[in-house]
Amino acid sequence: MSFYQQPQQFGQYNPASLPQQQSYSAEQPFQQKQTPYHVSQSHSPAPGFQIPAAQSQQQQQQQPPPFQSFPSGSMDFNNVSGSIGDQKLSQGFLAAFSTSGYPGEPPLLEELGINFKHIKEKTAAVLNPRRGNISADIMTDSDLAGPILFCLAFATFLLLSGKTHFGYIYGVALFGTICQHILFKLMSQDASIDLIRTASVIGYCLLPLVLLSAVAVFVPLDNLPGYVAAILAILWCTTSASGFIVSVLRLQNVRMLIAYPLAMFYSVFALMAIFVEKTQ
Amino acid sequence: MSQQHTMAQYSAFNDSFSPFSLHFYRKYFQLNTIDFFSQCAAAFNPIGKLSDAQMNSTGDLYGPVWITATIVWCLFFSNTLSDILNVYMTGKDINQNYTGLLLRAINLLYGYILLVPLLFIAVTRFVYKIPQIICYSRLVSIYGYANVIWGPASLFAVLRAVFPGHPKLSMILKWFVILLGGVFSGLNISSKLYHYLNDVAFVEDQKSSLLLISGVIFLHLCFTIIVKIVFFGELQ
């Protein structure tokens, strides 16, 4: 449960609602002792976080049975040790190398917030920019696993085609993301955006350029078809990224203004993918 | 209607932030695509005026930031591309420090649109003691948008590489580009500021407003000549 809720906390961050959430979780152990019904209530989102009904239903279905009695997560840390305190972990030196853990413990990837289903969904959304309106919910899970994967893939493809640009890629990505984040923050009106979300959107939308760099491993792109392909890839990246940002910020009629800096940013990456550094 | 209402709310909301917080600068970036392109189109009009409402509002900084970035890019691109074409056609190697060129472009353009408005504000406030002072961001906005003509003008200047054997023709093209950019943007800025001084700030003394405008035009002339020297070869 907490795994699915954490991105919500990131996404719809609202300073006013944070203290509420803390006090809510502080009350939880007490409520659980009173009636068992409160256990299921604790799964409903705290006030201030609006999860669409369909989505929360989906979450309920996805939960494996042990999860129902396992309220975990950073907020409810005391609660975790309380409910499973009577089951001992295996002791001893060798236990450190074993894979045993607490019963009902979620897998490591879920604990780390890496959800391959969400990554796959978002990748599909990036690859399909012409799809009517992109829902704001799909980007509420602002993970960085996908972007790091894509950045690494991009750098690796460049490496395979004989360009060692790791430093450039990380530098440009970091600097560009921070600058664009400041711009998005300035252009936003009532919806807020945090740096992680910006990095997530920009990183996911790098995917068409990753494909371009994959092509560049086999075919030299420093020719006319290569330039055309690069321009198309930049347009693709920019279209999907600006669509996501506009839907996250809930803005109208500013897509071009947001797309322009994004296009500049992605064209730097395209230049890296196309041109080979002359070493003499 | 509702848009205006919310905008007013935001400006009231933003006033409570200090200039050191990011939220303070939000009011300078509240624009949409239609506003942006209509202001760009208005910048091509050499005798354009701003309406009183526009004159009294803060003006946006999105335009100055990104239009100036685009012009820096256009000037740099025009230079490097024409050099490449020149090398390709004549076979002679050109030895130029392009990083320095880029830095000069950035300093010159951003410096011009930031410092000259500051000077204008200082002079109107402390020398002429004009009571109704135009917002600094609005002045930066006027200067930033007025420079938009330099973009197409500098891209047009790529053509100078097409006739490397005709220095006269190349020179005529360069001066044409400089005149196009300088005259259009200069007229645009000075007509807007003249309108401000006469109709909004109600400067009574006709002589002082003419003096101010001639100062603005003189500075723009200096700017244009520096652009000519830096990007379009030495003065012949």
Side-chain angles (χ1 to χ4, degrees), chain A residues 13-16 168 172 175-195 197-198 222-224 227 230-231 234 238-239 242-243 245-247 249-268 270-271 274-275 277-278 280, chain B residues 2-14 17 19-41 58-74 76-77 80-81 84 87 93 98 102 106 137 141 144-145 148 151:
Chain A
Y13 173 70
N14 185 357
Y168 282 139
V172 170
F175 182 72
T177 304
I178 290 173
C179 287
Q180 306 216 30
H181 173 64
I182 292 172
L183 181 74
F184 298 153
K185 252 186 127 58
L186 288 172
M187 293 197 72
S188 67
Q189 286 178 358
D190 46 5
S192 68
I193 186 167
D194 58 0
L195 184 59
R197 181 94 69 92
T198 312
D222 197 357
N223 46 29
L224 192 63
Y227 301 151
I231 289 169
I234 292 168
T238 311
T239 314
S242 59
I245 293 286
V246 166
S247 76
L249 292 179
R250 285 184 236 117
L251 292 172
Q252 269 99 39
N253 290 331
V254 293
R255 192 159 176 181
M256 293 284 274
L257 302 183
I258 282 183
Y260 183 60
L262 279 167
M264 277 190 184
F265 174 76
Y266 286 123
S267 33
V268 176
L271 290 178
I274 291 177
F275 294 107
E277 215 174 349
K278 279 178 198 155
Q280 282 173 349
Chain B
S2 64
Q3 182 81 14
Q4 280 176 355
H5 181 62
T6 50
M7 289 299 282
Q9 271 182 339
Y10 283 119
S11 59
F13 178 65
N14 278 322
F17 289 104
F20 295 104
S21 79
L22 201 60
H23 285 278
F24 178 80
Y25 299 96
R26 223 180 231 188
K27 63 186 166 195
Y28 302 118
F29 286 83
Q30 304 297 331
L31 78 167
N32 59 33
T33 315
I34 300 159
D35 292 343
F36 177 76
F37 283 109
S38 65
Q39 289 203 65
C40 282
T58 52
D60 69 287
L61 292 183
Y62 182 95
V65 168
W66 289 109
I67 286 175
T68 311
T70 310
I71 292 158
V72 167
W73 183 84
C74 284
F76 184 73
F77 178 74
T80 47
L81 185 63
I84 286 173
V87 168
D93 214 8
Y98 288 114
L102 188 62
I106 291 170
S137 58
S141 195
Y145 276 104
V148 78

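In what follows, chains are A, B, ... by sequence order, proteins preceding strands, each numbered from 1. Bear in mind the structure is a predicted one, so any value in this text is a computation, not a measurement.
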S.K.: How would you list all residue pairs meeting side-chain hydrogen bond (donor to acceptor under 3.5 Å, both in side chains) that involve residues 176-185 of chain A, not counting sequence neighbours?
M.R.: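 Only A:His181-A:Thr198 qualify under side-chain hydrogen bond (donor to acceptor under 3.5 Å, both in side chains).
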S.K.: Where is the tightest heavy-atom contact between A:Ser188 and B:Arg26, given as atom of each residue plus distance?
M.R.: OG-NH2, 3.3 Å
S.K.: Passes side chain to side chain contact (heavy atoms under 4.5 Å, CB included), A:Met187 versus B:Leu31? Steps please.
M.R.: CA-CA 8 Å; A:Met187 293 197 72; B:Leu31 78 167; 4.2 Å; yes
S.K.: Hey, what do you get for CD (B:Gln30) to CG (A:Leu251), rounding to the nearest 0.5 Å?
M.R.: 8.0 Å
S.K.: Would you give the length of the straight line joining atom OH of A:Tyr260 to atom OG1 of B:Thr33, rounded to the nearest 0.5 angstrom?
M.R.: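 Atom-to-atom, A:Tyr260:OH and B:Thr33:OG1 are 14.0 Å apart.
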S.K.: What part of A:Leu183 gets within 4.5 angstrom of chain B, counting heavy atoms only: side chain, backbone, both, or neither?
M.R.: side chain
S.K.: Working note: A:Leu257 + B:Phe29, criterion side chain to side chain contact (heavy atoms under 4.5 Å, CB included); need CA distance, chi angles, decisive distance, verdict.
M.R.: CA-CA 10 Å; A:Leu257 302 183; B:Phe29 286 83; over 6 Å; no
S.K.: Rounded to the nearest 0.5 Å, what's the gap from CG on A:Leu186 to CG on B:Leu22? Could you check?
M.R.: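 Rounded to the nearest 0.5 Å, the CG-CG separation comes out at 4.5 Å.
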S.K.: Out of curiosity, B:Ile34 CD1 to A:Gln252 CD, how far, rounded to the nearest 0.5 Å?
M.R.: 11.0 Å
S.K.: Can you confirm whether more than 12 heavy atoms, excluding those of A:Phe175, are under 6.0 Å from its CZ atom?
M.R.: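 No, the 6.0 Å shell around CZ holds no more than 12 heavy atoms from other groups.
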